[in-house]
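Reading through the structure tokens given below for one structure.
Since we're looking at a predicted model, the values are computed, not measured.
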Amino acid sequence: MCGIVAYIGRRQALPILIEGLKRLEYRGYDSAGAGTLSGPGLQVVKCIGRVAALEEAIERKGGLEGSVGIAHTRWATHGGVTDFNAHPHRDDAKQGHGIAIIHNGIIENYAALKTWLLEKGHVFESETDTEVLAHLIGELYEGDLEKAVQSALREVTGAYAIAAMCAKEPDVLVVARKGSPLMVGVGNGEYVVASDASAIVSHTTQAFTLADYTVARLTRESFRTTTVDNLPITAEVRELEIDLQEIELGGYDHFMLKEIHEQPRALRTSLKGRIDLRIGDVKLGGVGDIARQLARARRVVFVGQGTALHACMVGTYLMEELAKIPSDFDFASEFRYRNPIVEEGTVVVAVSQSGETADTLAALQEAKSRGATALGIVNVVGSSISRETDAGVYLRVGPEIGVASTKAFTGQVMVAAMLATFIGRRRFLSPDMVGHLLREMEAIPEKIERVLALNDHIRTATAKYIERENWLFLGRGVNYPVALEGALKLKEISYIHAEGMPAAEMKHGPIALIDSGMPVVFVATKNSQYEKVLSNIAEVRSRGGHVIAVATEGDEHIRTVAEDVFYVPDVTEMLQPLVTVVPLQLLAYHAAVMRGKDVDKPRNLAKSVTVE
């Protein structure tokens, strides 16, 4: 992994490839490369570093000519960060056919395949599993690249999204997918292939997504799609649900800041058409067909990773409070490996921004195999998780470019709240009770706008603590996941060590960390556990810690016990995470900027983790 771009058409490929790679930079990567086919044959340039470094390397080589090409940004999995390990990879330099491929995913049986290829005399230049696949395609090549790719993929176990070209077939591009996202943009006499619609939308708004085990053969005139067993299948070309303006900075310094400020609009879009105050109900078309089944659910399990996991945690509070169904959350990466108990009436909800998170997809498939009803809460239409579920709800918050998730988190929480209300209405909630909740939801975007007005105050407060290398984030009840999310944001983009935990847990060990001046962030809003949080604040202050509080507007007492206060509007307790998380997003953003970090592309991170 992480980003794939490929092109075949009548234009020069290189400008399109480079533009596409730049669109995909947000996904995170450590090296980049590109290759084209032209008169001289196959040409490849690759290097560690950013796409800008690749551009310079290509210029030093005298450019890359040709109207067929592939390009890639790599996030290292097999082998270190080196020029040799960067993509594209070629088949055997001495006895090959001029085949080059780019690949996202992991070939799990690469070691056995490599041993077999070594025995046949192949010589490898890299440590990657991708080069093994390139050599395997070359070994099986008999004049037809499409058939060679199909044959090779029948021998492969693991996940892949690949694009391949061959000097002996200069007018053909072959792409395939299993487990990792890949789509083909359909233009006029050209095709743009990418792992993300953002690399396609400036060239065409028509595209089809490859299903698992699908191979597509592209020429300038036409395309055909088959299975890896060469059975013809029909691809559904559809309109891309993305606007080019949505993936532009639009005057902001960073995508993360833009997306923090987009949250009010994004949540209004997510709510639009889904809440009916007139009858006191929620309308979720994606789960309407199984409404009775959900109302009879005996247990709900939310699964996710990273920020999505924190949304899952909030979801359990919402589901138990509003629908009165016993609920749990689990790391998707752990769920499938611990023999999970899935009884009759179990609903498993997979939460993912991209809808391609490998661990979450695997957990969902495991749950389905055990008889669970599978729901999805995802942002990307047509993604793998959305296709695997029995039903689901899209976030509708627009594309999220910054690696550190912001508007997707609030979107996930809002959708979880709507889902819990939808089920609760069909169990015991009256129209009046639902109407009150819906009015609260409808007011959230305006209340977030009031929080965003604190931006300068939050930046000034953050500056006082920017040299501190250890932070604690504490909350109770439904705001405990917010503390975890605040700590994660600070870690992700500023590289400051931060830990989130339940406030009451602090005195059971972590309180030993607190020393003079240590920043401790409390989510201390007026709710059922407010007095308990005040006691936890006192414990921190008595040990010299500096308290930063997220508090409810009008709470003057909090000023007497906290060095800094970020006020948020009063919100009903179950929906408080939607506003309490926003000051922590801004805190993390300003900390990263002040420390000179690459906010949108933090080191070692990928936007969509498509390998386990």
Side-chain angles (χ1 to χ4, degrees), residues 105-106 108 157-161 177-182 209-214 227-228 233 236 284-306 308-309 311-313 315-316 319 323 325-395 412 415-416 419-420 422-423 426 608-612:
I106 288 182
E108 294 174 359
T157 58
Y160 53 79
R177 175 261 171 97
K178 182 221 165 187
S180 290
L182 197 64
T209 299
L210 271 70
D212 279 351
Y213 302 104
T214 298
T227 67
V228 294
I233 55 176
E236 180 184 354
L284 299 176
V287 297
D289 291 344
I290 61 168
R292 291 185 179 181
Q293 193 174 334
L294 294 177
R296 293 193 296 267
R298 298 179 181 178
R299 178 170 171 252
V300 176
V301 181
F302 291 85
V303 293
Q305 294 289 136
L309 179 69
C312 290
M313 296 171 71
T316 64
M319 194 63 68
I325 300 175
S327 300
D328 300 305
F329 67 89
D330 204 351
F331 292 89
S333 56
E334 296 293 328
F335 180 83
R336 69 184 295 221
Y337 293 112
R338 63 175 185 82
N339 195 24
I341 297 172
V342 177
E343 300 174 307
E344 184 179 355
T346 298
V347 176
V348 173
V349 184
V351 182
S352 166
Q353 188 282 136
S354 68
E356 302 292 349
T357 310
D359 291 310
T360 307
L361 179 60
L364 180 73
Q365 292 166 336
E366 178 68 19
K368 283 184 66 177
S369 73
R370 293 171 180 252
T373 299
L375 298 187
I377 295 178
V378 302
N379 196 35
V380 179
V381 175
S383 56
S384 295
I385 289 175
S386 71
R387 294 198 303 272
E388 283 280 345
T389 54
D390 298 310
V393 185
Y394 286 116
L395 302 185
Q412 288 161 353
V415 167
L419 179 63
F422 176 87
I423 297 174
R426 282 145 187 81
S608 177
V609 183
T610 57
V611 296
E612 289 191 74

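- Annotation: the span from Leu419 atom CG to Ile377 atom CD1 amounts to 5.5 Å, rounded to 0.5 Å.
- The stretch residues 360-373 participates, sequence neighbours left out, in these salt bridge (Lys or Arg N to Asp or Glu O under 4.0 Å) pairs: Glu366-Arg370, Lys368-Glu388.
- Here the shortest heavy-atom pairing between Val348 and Ala372 reads CG2-CB, 3.9 Å.
- Evaluation of the side chain to side chain contact (heavy atoms under 4.5 Å, CB included) rule for Ser386 yields Val378, Ser383, Tyr394 as partners, not counting sequence neighbours.
- Atom CZ of residue Arg336 and atom CG of residue Leu361 lie 9.0 Å apart, to the nearest 0.5 angstrom.
- For the side chain to side chain contact (heavy atoms under 4.5 Å, CB included) test, residues two or more places apart in sequence or in another chain that qualify with Thr214 are Leu210, Ala211, Thr225, Ile233.
- The CG atom of Asp359 sits 4.5 Å away from the CD atom of Gln305 when rounded to the nearest 0.5 Å.
- Scored by the side chain to side chain donor-acceptor pair (under 3.5 Å) test, Arg338 finds Asp330 as partners (sequence neighbours excluded).
- The shortest non-hydrogen separation linking Ala323 to Ala420 is CB-O, 3.8 Å.
- For Thr360, the side chain to side chain donor-acceptor pair (under 3.5 Å) criterion is met by no residue, not counting sequence neighbours.
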Side chain to side chain contact (heavy atoms under 4.5 Å, CB included) between Ile290 and Leu375, intermediate numbers included: CA-CA 10 Å; Ile290 61 168; Leu375 298 187; 3.5 Å; yes
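- For Asp212, the salt bridge (charged side-chain N to carboxylate O under 4.0 Å, His left out) partners two or more places apart in sequence, or in a different chain, are Arg177.
- The two residues Gly315 and Ala416 have their closest heavy-atom pair at CA-CB, 4.2 Å.
- Here the closest non-hydrogen pair linking Ile385 and Gly376 is CG2-CA, 4.5 Å.
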Per-pair distances, 0.1 Å, donor-acceptor, side chain in residues 294-304, under 3.5 Å, sequence neighbours excluded:
unit_1, atom_1, unit_2, atom_2, d
Arg299, NE, Asp328, OD2, 3.0
Arg299, NH1, Ile341, O, 2.9
Arg299, NH2, Asp328, OD2, 3.2

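- With hydrogens and angles disregarded, a donor-acceptor distance shorter than 3.5 Å links the side chain of Ser327 to the backbone of Ile325.
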Steps toward side chain to side chain contact (heavy atoms under 4.5 Å, CB included) verdict (Arg292, Arg426): CA-CA 8 Å; Arg292 291 185 179 181; Arg426 282 145 187 81; over 6 Å; no
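- For Thr346, the side chain to side chain donor-acceptor pair (under 3.5 Å) criterion is met by no residue, not counting sequence neighbours.
- Residues passing the side chain to side chain donor-acceptor pair (under 3.5 Å) test with Thr157 are Asn109, sequence neighbours excluded.
- Between Thr209 and Gly382 the shortest heavy-atom distance is CG2-O, 4.3 Å.
- Closest approach of Thr389 and Ala374 over heavy atoms only: CB-O, 3.5 Å.
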Given side chain to side chain contact (heavy atoms under 4.5 Å, CB included), test Val380 with Glu356 step by step and report yes or no. CA-CA 9 Å; Val380 179; Glu356 302 292 349; 5.9 Å; no
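- Atom CG of Leu309 and atom CZ of Phe329 lie 6.0 Å apart (nearest 0.5 Å).
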